[in-house]
Amino acid sequence: MDRYLVFGHPVRHSKSPFIHTLFARQTQQALEYGLAEPAVDAFAATLQGFFADGGKGCNVTVPFKEQAFTLVDRLSPRAQRAGAVNTIKLTDDGILLGDNTDGAGLVADLKAHGVDLVASRVLLLGAGGAARGALAPLLAERPSELVIANRTHAKAEQLAAEFHDLGAVTAKPYADLQGRFDLIINSTSASLQGDLPPLAPALIHHEIAIYDMMYGATDTPFIHWAKQHGALQTMDGLGMLVEQAAEAFTVWRGIRPGTKQVLRELKRNLGIL
């Protein structure tokens with residue numbers, strides 16, 4: 001039986017085993033998927049031990065994504081761009097391949113919700129690892145402009161400069177944001193603390209799409225705020241979680257699972273349906 005894990009700290013709350021078990025059942029793949037929560041300073045040794053003991057692949061989540069980037073033998077182009085690895089595959093020739101499926105998962109979920117990114121004006125809140133992982137896949141969809149806003153403006157400027165070769169990406173301070181955006185994506189962790197990005201309510205309109213990478217059994221604070229100010233289409237990151245998992249499963253097994261039923265089952269499991 002092929003073995004897969006998700007590495008994180010903490011990771012006991014992870015829904016990845018639930019998701020990948022459903023994917024395996026759906027595609028009739030023989031595999032088992034578990035959890036690994038090594039101490040922060042023991043990740044490298046635990047990862048190496050897992051593959052030495054016959055492991056076939058793993059997911060990597062907080063706080064190990066940047067460390068995983070340095071531990072693999074080869075990086076996919078999207079992992080290279082993201083500066084982080086969330087998926088590792090042991091190839092047939094014994095190479096540890098590092099990939100990043102987060103941005104692809106975000107774009108797939110946006111499309112599943114009918115959001116057309118082509119020629120759209122996109123505002124990305126945050127300039128951390130989540131934003132970095134999303135930028136290349138978002139720019140590949142050819143928005144007319146992608147603006148990055150971050151509390152520390154210099155970080156947003158640096159990120160925009162790094163990705164400028166991929167499309168029309170700029171950085172602006174929150175106070176200077178103006179004009180009509182078609183989509184706002186919150187990649188900050190503010191929702192975890194119950195906080196909000198310092199965004200002007202005037203940027204919200206009835207036709208805008210709002211996406212928060214965080215998720216929960218109820219609306220995140222950002223989604224709740226956006227609804228209060230007139231947003232009609234709001235999405236949280238639960239679909240992104242399932243879509244990035246499907247992308248990782250495809251990297252490992254060479255077969256792409258369907259996500260709609262798995263997302264419904266996950267919502268039922270979380271008590272959302």
Side-chain angles (χ1 to χ4, degrees), residues 1-106 108 128-130 132-134 136-137 213 237 240-259 262 266 269:
M1 180 83 68
D2 291 344
R3 292 190 300 120
Y4 296 85
L5 287 177
V6 55
F7 286 88
H9 192 97
V11 80
R12 279 162 285 182
H13 67 285
S14 174
K15 293 299 178 183
S16 291
F18 180 86
I19 294 168
H20 283 285
T21 298
L22 291 180
F23 284 162
R25 189 179 305 160
Q26 176 196 121
T27 58
Q28 298 181 311
Q29 296 286 298
L31 62 86
E32 58 182 23
Y33 188 107
L35 303 170
E37 191 174 287
V40 174
D41 60 358
F43 171 61
T46 309
L47 181 74
Q48 290 160 2
F50 168 67
F51 283 109
D53 195 37
K56 293 294 186 180
C58 66
N59 289 126
V60 182
T61 187
V62 176
F64 300 130
K65 291 183 182 183
E66 286 77 20
Q67 194 176 348
F69 182 88
T70 68
L71 295 173
V72 296
D73 303 311
R74 194 166 71 226
L75 293 162
S76 71
R78 57 190 180 185
Q80 187 77 56
R81 273 288 187 177
V85 161
N86 81 331
T87 300
I88 301 176
K89 175 185 179 178
L90 180 65
T91 66
D92 291 340
D93 54 358
I95 296 295
L96 287 185
L97 172 66
D99 202 351
N100 191 303
T101 66
D102 286 330
L106 169 64
R132 178 182 291 275
M213 289 189 188
M240 176 181 172
L241 175 68
V242 175
E243 294 290 351
Q244 67 80 24
E247 187 77 9
F249 193 93
T250 307
V251 170
W252 294 329
R253 310 299 295 186
I255 182 171
R256 186 168 193 90
T259 55
V262 172
L266 180 58
N269 177 264

### Query
When F43 is tested against each of D41, V40, L47 for side chain to side chain contact (heavy atoms under 4.5 Å, CB included), which residue passes?
L47
### Task
Search all heavy atoms of K89 against all heavy atoms of V251 and return the closest pair with its distance.
NZ-O, 3.1 Å
### Query
Which word best sums up how the rings of H20 and Y33 line up, parallel for under 30°, tilted for 30 to 60°, or perpendicular for over 60°?
parallel
### Task
Please examine the side chains of Q244 and N86, heavy atoms only from C-beta on, and report whether any two atoms are closer than 4.5 Å.
yes
### Query
Hey, does T87 have a side-chain heavy atom less than 4.5 Å from the side chain of N59?
yes
### Message
Among residues at least two apart in sequence or on other chains, which ones pass side chain to side chain contact (heavy atoms under 4.5 Å, CB included) with A36?
### Response
L5, F7, P38
### Query
Which atom pair, heavy atoms only, marks the closest approach of N100 to V85?
ND2-N, 4.3 Å
### Task
For residues F23 and T250, determine if any side-chain heavy atom of one lies less than 4.5 Å from a side-chain heavy atom of the other.
no
### Message
Applying side-chain hydrogen bond (donor to acceptor under 3.5 Å, both in side chains) to D99 and S76, what does each step give before you reach the verdict?
### Response
CA-CA 5 Å; D99 202 351; S76 71; 2.7 Å; yes
### Task
Mark yes or no for whether W252, through its side chain, and I88, through its backbone, hold a donor-acceptor pair below 3.5 Å.
yes
### Query
Looking at side-chain heavy atoms only, is the closest gap between N269 and K15 below 4.5 Å?
yes
### Task
Take F50 and T46 through the side chain to side chain contact (heavy atoms under 4.5 Å, CB included) test and state the conclusion after the steps.
CA-CA 6 Å; F50 168 67; T46 309; 5.8 Å; no
### Message
Could you tell me if the side chain of F249 sits less than 4.5 Å from the side chain of I19, heavy atoms only?
### Response
no
### Query
What are the two closest heavy atoms between S14 and V6, and how far apart are they?
OG-CG1, 4.0 Å
### Message
Nearest 0.5 angstrom please: K56 NZ to M1 CE, how far?
### Response
13.0 Å
### Query
Side chain of R3, backbone of D53: donor and acceptor closer than 3.5 Å?
yes
### Message
Run Q29 and I255 through side chain to side chain contact (heavy atoms under 4.5 Å, CB included) and show every step you take.
### Response
CA-CA 9 Å; Q29 296 286 298; I255 182 171; 4.2 Å; yes
### Query
Looking only at heavy atoms, which two atoms of R253 and Y4 are closest? And how far apart?
NH1-OH, 2.9 Å
#### Entry: Pairwise distance CG(L31) to OG1(T21) - rounded to 0.5 angstrom
7.5 Å
### Task
Indicate yes or no: at least one non-hydrogen side-chain atom of L35 is less than 4.5 angstrom from one of P17.
yes
### Query
Considering residues, nucleotides and ligands other than D92, do more than 12 of their heavy atoms fall under 6.0 Å from its CG?
no
Distance-only donor-acceptor pairs under 3.5 Å for side chains of residues 61-74, two or more places apart:
residue: K65; atom: NZ; partner: D102; partner atom: OD2; Å: 2.8
residue: T70; atom: OG1; partner: Q67; partner atom: O; Å: 2.7
residue: D73; atom: OD2; partner: L96; partner atom: N; Å: 2.8

### Task
Evaluate the criterion side chain to side chain contact (heavy atoms under 4.5 Å, CB included) for residue pair F51 and C58; output intermediate values, then yes/no.
CA-CA 9 Å; F51 283 109; C58 66; 4.1 Å; yes
### Closest non-hydrogen atom pair between V262 and Q26, with its separation
CG2-NE2, 3.9 Å
#### Entry: Nearest-0.5 Å distance, OG1 of residue T27 to CG of residue L22
10.5 Å
### Summary
Residues G83 and R132: closest non-hydrogen pair is N-CD, 4.1 Å
